[in-house]
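Values in this document were obtained by computation on a predicted structure and should not be read as measured data. Only heavy atoms go into these numbers, but all of them, side chains included; no hydrogens, no water, no symmetry mates.
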Amino acid sequence: MSSQNQVTQHAAVVTGASSGIGEATVRALAAAGWKVFAVARRAERLAALAEETGAVPVPADVTNDAQVAGLLAAVEAGGGIDTLINIAGGARGADYLAEAKNEDWDFMLQANVMGTMKVTRAFLPMLRAHGEGTVLNLTSTAGMVSYEGGSGYNAAKAAQRALTQALRLEEVEHNVRVIEVLPGLVHTEEFALRRMGGDRELAQKPYAGVAKPLLAEDIADIVAYAVNAPHHVNLDEIVVRPVAQAAAHKLIRGQA
């Protein structure tokens with residue numbers, strides 16, 4: 001029997017595991033008894049997370065073909081998985097389209113779209129062979145409703161959402177469950193800071209006056225719930241926002 005058929009407990013690959021929602025998801029699944037392969041580029045942060053949770057650290061860049069192949073080989077050697085959770089991604093810049101920077105768009109399309117495609121493509125044979133595989137993609141409400149200064153991120157998340165919808169149609173005959181989680185405003189350690197090039201003042205503006213934005217742990221709990229549901233139960237699309245964010249254009253703020 002090949003290693004890809006030897007999963008005896010729930011086991012998952014979680015990308016984007018070195019911070020934010022990915023890191024919180026590793027913790028949530030490990031606490032629930034899952035075997036977790038934690039994937040990100042920053043090896044030192046993965047090592048610390050592995051020591052804390054018992055996860056298996058696999059440093060890799062999901063946009064790099066050779067490193068994705070290495071990730072697959074490491075997971076095969078480690079016994080395989082039944083669940084793939086694509087969280088790696090991110091935003092860069094808040095320019096209007098008229099001032100769009102090629103490098104920002106390249107980053108967003110590679111990290112959110114090409115990375116998701118490359119990792120999913122690599123693991124689909126394993127998930128199919130398992131018989132009850134799951135793919136969960138973390139997209140964003142930015143893929144549903146566009147906003148000024150968000151054209152690059154809107155485009156990337158809309159594309160990631162479209163590939164997720166197509167994947168669900170393509171893989172149902174293989175009994176692969178495909179789940180999409182679409183968060184609204186989430187206050188995480190690094191997302192806005194990276195987007196704004198390290199400018200802490202600008203990074204805090206989206207959250208100013210919002211008493212209770214979502215946290216990484218909130219989304220991780222939802223991800224864990226979705227993948228822990230019986231396999232015949234598919235939460236196709238889960239849109240989650242803080243109560244203060246009734247819609248993309250309506251966010252209640254108190255005093256900043």
Verdict with supporting geometry, E180 and R168, side-chain contact (heavy atoms from CB on, under 4.5 Å): CA-CA 10 Å; E180 181 183 7; R168 185 179 298 115; 4.2 Å; yes
Residues, nucleotides or ligands: over 12 heavy atoms within 6.0 Å of E51 CD: no
Applying the side chain to side chain contact (heavy atoms under 4.5 Å, CB included) test to L127, which of N175, T134, I81 qualifies? I81
Would you indicate whether the side-chain heavy atoms of K250 and Q245 approach each other to under 4.5 Å? no
As an exercise, state the distance from CG of L167 to CD1 of I179, rounded to the nearest 0.5 Å. 11.5 Å
So, T63 side chain and Q110 main chain: donor-acceptor pair closer than 3.5 Å or not? no
Side chain of Q9, backbone of W34: donor and acceptor closer than 3.5 Å? no
So which atom in A122 and which in V68 form the shortest heavy-atom distance, rounded to 0.1 Å? CB-CG1, 3.8 Å
How long is the straight-line distance from CD1 of I21 back to CD1 of I219, given to the nearest 0.5 Å? 5.5 Å
Side chain to side chain contact (heavy atoms under 4.5 Å, CB included) with Q67: which of L72, D61, V62? D61
Out of curiosity, does V240 fall in the hydrophobic cluster containing Y225 (side-chain heavy atoms, cut-off under 4.5 Å, transitive links)? yes
Rounded at 0.5 Å granularity, tell me how far CG in L182 sits from CZ in R241. 9.0 Å
Side chains of V56 and V36: closer than 4.5 Å at any heavy-atom pair? no
Of the non-hydrogen atoms in N228 and A32, which two are nearest, and what is the gap between them? ND2-CB, 4.4 Å
Going from NZ on K118 to CG on L71, what distance comes out if it is rounded to the nearest 0.5 angstrom? 13.0 Å
Without hydrogens or angle criteria, can the side chains of N137 and T164 be said to hold a donor-acceptor pair below 3.5 Å? yes
Test log, rule side-chain contact (heavy atoms from CB on, under 4.5 Å), inputs L185 and L214: CA-CA 6 Å; L185 186 70; L214 296 175; over 6 Å; no
Under the side-chain contact (heavy atoms from CB on, under 4.5 Å) criterion, do M114 and L109 qualify, and how do the steps go? CA-CA 6 Å; M114 297 302 292; L109 291 170; 5.7 Å; no
Working note: N86 + T120, criterion side-chain contact (heavy atoms from CB on, under 4.5 Å); need CA distance, chi angles, decisive distance, verdict. CA-CA 8 Å; N86 288 304; T120 304; 3.0 Å; yes
Donor-acceptor contact below 3.5 Å, side chain K157 vs main chain L138: yes
I need the T139 OG1 to E237 CD distance, nearest 0.5 Å. 8.0 Å
Distance, nearest 0.5 Å, that separates CG of D218 from CG of D221: 6.5 Å
Taking C-beta and beyond as the side chain, do F37 and V26 meet within less than 4.5 Å on heavy atoms? no
Please check this pair: side chain of H174 against backbone of V176, looking for a donor-acceptor N/O pair closer than 3.5 Å. no
Donor-acceptor pair, N112 side chain versus M108 backbone, under 3.5 Å? yes
Does the K35 side chain pair with the main chain of A30, one donor and one acceptor, at a distance under 3.5 Å? no
Heavy-atom neighbours of E44 CD exceed 12 at 6.0 Å: yes
Quick check: is L29 connected to I238 through a chain of hydrophobic side chains (ILVMFWY, heavy atoms under 4.5 Å apart)? yes
Given D82, which of H10, R177, H231 fulfils the side chain to side chain donor-acceptor pair (under 3.5 Å) condition? H10
Donor + acceptor pair across side chains of S18, R42 (<3.5 Å): yes
Pair E52 + R27, salt bridge at N-O below 4.0 Å: yes
